[in-house]
There are 2 protein chains.
Amino acid sequence: MTDVARRAGVSPATVSRILNGTAKVADDKRQAVLAAISELNFAPNQMAQSLKHGRTMTIGIVVQDIASPFFDEILHGVDDGLKGTGYASVIVSGHWNADEEAERIRLLLARKVDGIILLTGRMTDDTVLRFAEQRPIVSLGRVLQTERAVGYKLDNEHGAWLAVRHLIELGHRRIAHLSGPVENRDSVERLAGYQRALKEADIAFDPALVVEGTLHESGGLLAMNRLYDSGQPFTAVFAVNDQTAYGARLFLYRKGIRVPDDVSLVGFDDLPGSSYTTPPLTTVRQPLYVIGQTAVQSMLRLINGEPADGAIPPVELVVRETTRRSA
Amino acid sequence: MTDVARRAGVSPATVSRILNGTAKVADDKRQAVLAAISELNFAPNQMAQSLKHGRTMTIGIVVQDIASPFFDEILHGVDDGLKGTGYASVIVSGHWNADEEAERIRLLLARKVDGIILLTGRMTDDTVLRFAEQRPIVSLGRVLQTERAVGYKLDNEHGAWLAVRHLIELGHRRIAHLSGPVENRDSVERLAGYQRALKEADIAFDPALVVEGTLHESGGLLAMNRLYDSGQPFTAVFAVNDQTAYGARLFLYRKGIRVPDDVSLVGFDDLPGSSYTTPPLTTVRQPLYVIGQTAVQSMLRLINGEPADGAIPPVELVVRETTRRSA
DNA sequence: CTGTTAGCGCTTTCAC
DNA sequence: GTGAAAGCGCTAACAG
């Protein structure tokens, strides 16, 4: 910048003023500076600007798994939300581990990100709130509402209830559930929704019909395998998420059990791939992309000291082709 | 840091020395400083360090689509490769558009990233080389080998050849190809591999059997639809990538055409989801994860002024359950 | 309107 | 071994 100033015969301050439109500058000097800038191919050092201003124009995103279609779709929304704002994002992964998550957040804090978007995870709300003292935090998967932290929560219980009620309306009574790990909040909430739907239909809850998976395809396959081996009769399966459903689907295929002719299958998430499975998966849609966008908007408000609410569209049932009336 | 120094009764310089192990410090002072650090919950401002050192410990990653399983898997490798190196990544998307790509790179450059990893894209090699004058660049999908830039290239032609030869060995003669956009290098190389395999087997190339898709599921479905409507007989389909194959698979399902009983299907990429399609997809495996890791390692070498080669494992055919002997 | 000056938080000679 | 001082590239307050 000093070079530019010298070349244009002005002071660095003037160059700065022109760059930022901070004050009026005589036209001839402006031209000279602009010329010098392009000749020198100059671009301001954002790092120095950040040091000065105390803001890095960077926001940190904590996902749990960087190669998951679930987080991907949210990141897509985040990316689009950030577009044109001048902010960039640095993405780190907590790998579903509270300690690692905290570690990564400290990393982001050391980098002086202007805010942190936390996509689910295993940390306690207290820990999150403590971090929020340093930087504003927007978090998915928890209910938070302070000056420095807001949280969004999907209605997992309701979503699961929608899915199971759909199955019940189709005449199914023996409805199995491939659940997620008990440590996972979303999973237990979905289990609760499953149970409520059964109860409302006066169907007795049978623990033998609930098998725990891992939220991944492989876990879904294994869980389905165990359910099958248990010999329990069932005509429908509600999987805790789409990936679990994919795994279950494969097991069923291997056994020659047709979907939906022999058993109906419902997932949860509506991942992008779910409209292209064979057959396309009936599932509960989470507005992943919108969640990402909304999180960014809230973050921007928080950064500017404005209040942020946290309204996202509700979950909804998407009926495709893996469910049908019970024989 | 000044606070820490004051509290410990030493100079800021000493604190710095302890933090970085730059020089020997008396043990009592060291204890005092360490104590002060933890009492004040102090962490050095990376921004200031960067300003001083001229390196940000950040590397920029340019993908083309942030919600694609293909880039995701590479990013996964990148993320793991970065682990423990002190570097963080900022990911931006070029959306398969040369101008946008250049724009994003300029953004990264303004942020003073220490290097840029370019995952495919539409920019010319010349443009890349010009950017490489400013920061080291590792690029996927092009052949580059200079002091400041290295490139990796998958053997698309060979991969496609493997896929089609497999089909031919199974007795197929009428093998259709769902291709990608002609602007896409990878796609035309795969088309070339398809043609070479046919030629080697003395099967005449029939342009009517090649239909262009978009590299996405929807394009695969449409392309398959057009092929079907054309009335051309075929017993096997080689799709330019897995996503195209997924789309094709769905169309076939809708028409009641069985895979692999009625038609065989091969993809390209071996996305994580491809082992869980119904049935699991035969495809050409690209070592996506390893590519990501390798790119990081090369970047780190480049940054340190060391030479970097660019060796990645070869593509290989993964035979699963969508191909079978022609009737 | 514009130049001078100070300082963001850290590291690194250079003396002592 | 340790402190004082200068400086990374920029911006903002203060004079003029």
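Lettering of chains follows the sequences in order, A, B, ..., and the numbering in each one begins at 1.
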Do any side-chain atoms of residues 28-47 of chain B form donor-acceptor pairs under 3.5 angstrom with protein atoms, and if so which ones, sequence neighbours left out?
unit_1, atom_1, unit_2, atom_2, d
B/S38, OG, B/A35, O, 3.2
B/E39, OE1, B/R7, NE, 2.6
B/E39, OE1, B/R7, NH2, 2.4
B/N45, OD1, B/M47, N, 2.8
B/N45, OD1, B/A48, N, 3.3

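Contacts of A/T127 classified as side chain to side chain donor-acceptor pair (under 3.5 Å), with partners at least two apart in sequence or in another chain: A/T124. For the side chain to side chain donor-acceptor pair (under 3.5 Å) test, no residue two or more places apart in sequence or in another chain qualifies with B/K52. For the side chain to side chain donor-acceptor pair (under 3.5 Å) test, no residue two or more places apart in sequence or in another chain qualifies with B/S50.
Rounded to an integer number of Å, the gap from B/D3 CG to C/dC8 P is 11 Å. One atom, CZ of A/R111, and another, P of C/dC10, lie 15 Å apart when rounded to the nearest Å. B/K24 places its NZ atom 17 Å from the P atom of D/dG3, with the value rounded to the nearest Å. As a whole-Å value, the separation of B/R6 CZ from D/dG3 P is 14 Å.
Listed by residue number, the members of residues 27-35 of chain A with any heavy atom below 4.0 angstrom from DNA chain D form an empty set.
With no hydrogens or angles considered, no side-chain donor-acceptor pair links B/S68 and B/D65 at under 3.5 Å.
Considering only heavy atoms from C-beta on, A/I66 stays 4.5 Å or farther from B/D72 through its side chain. Looking at heavy atoms from C-beta onward, A/L215 lies out of side-chain contact with A/F70 at the 4.5 angstrom threshold.
Checked options B/D125, B/D126, B/D186; the residue passing with B/R142 is B/D125 (criterion: salt bridge (Lys or Arg N to Asp or Glu O under 4.0 Å)).
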Scoring nucleotides 9-16 of chain D by protein non-hydrogen atoms under 4.0 Å (B base, S sugar-phosphate only, - none) yields BBBBB---
